[in-house]
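For reference, the structure discussed in these notes is given below.
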Amino acid sequence: MAEQRTVTLAVTGAGGTRMARYVLSALERDDRVAHVDLLVSPNGRKLVAHEFGCAENADLAATVLGSPSGRVTAWDSGTGRARTPPAATRAGG
């Protein structure tokens with residue numbers, strides 16, 4: 001088996017959230033990918049909230065994928081830190 005890689009997926013507010021869902025889902029299923037870092041701009045976060053009907057502080061990986069993922073870390077583009085959503089906004093929480 002090939003060496004597993006970490007992939008970074010960045011989403012802006014340019015309306016690419018449906019494509020982000022497709023790409024993130026494909027990366028999560030790919031055995032060559034060990035981990036995905038998801039970076040969403042502030043405008044991208046607003047667009048995800050609007051298009052997926054969730055709060056802006058929701059778990060972005062779970063929102064985009066439709067369920068939580070242990071292979072995806074969403075990063076806060078403002079602080080550069082991994083983003084842990086409030087318990088009430090986590091999928092299933």
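Placement of Val23 and Phe52 within a single hydrophobic cluster is found when ILVMFWY residues are connected by side-chain heavy-atom separations under 4.5 Å, directly or transitively. Using a 4.5 Å cut-off between side-chain heavy atoms of Ile, Leu, Val, Met, Phe, Trp and Tyr, with links allowed through other members, Tyr22 and Leu47 fall into different hydrophobic clusters.
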Intermediate values then yes/no, side chain to side chain contact (heavy atoms under 4.5 Å, CB included), Val36 and Thr6: CA-CA 6 Å; Val36 179; Thr6 296; over 6 Å; no

Could you go step by step and tell me if Arg45 and Ser41 meet the side chain to side chain donor-acceptor pair (under 3.5 Å) rule? CA-CA 6 Å; Arg45 183 172 290 283; Ser41 72; over 6 Å; no

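Taken from CG in Leu38 to CG in Leu24, the straight-line distance is 6.0 Å, to the nearest 0.5 Å. Distance check, rounded to the nearest 0.5 Å: CG of Leu27 to CZ of Arg5 gives 13.5 Å. To the nearest 0.5 Å, the span separating CH2 on Trp75 from CG on Leu39 amounts to 9.5 Å.
Contact record, Val48 with Cys54: O-SG, 4.1 Å, taken as the closest heavy-atom pair. Between Ala74 and Leu60 the shortest heavy-atom distance is CB-CB, 4.4 Å. Closest approach of Ala58 to Thr63, counting heavy atoms only: CB-OG1, 3.9 Å.
For Asp30, the salt bridge (Lys or Arg N to Asp or Glu O under 4.0 Å) test picks out Arg32, with sequence neighbours left out.
For the pair Arg21 (side chain) and Leu65 (backbone), a donor-acceptor distance under 3.5 Å is absent. Looking at Glu28, its side chain never comes within 3.5 Å of a backbone N or O of Val72 through a donor-acceptor pair.
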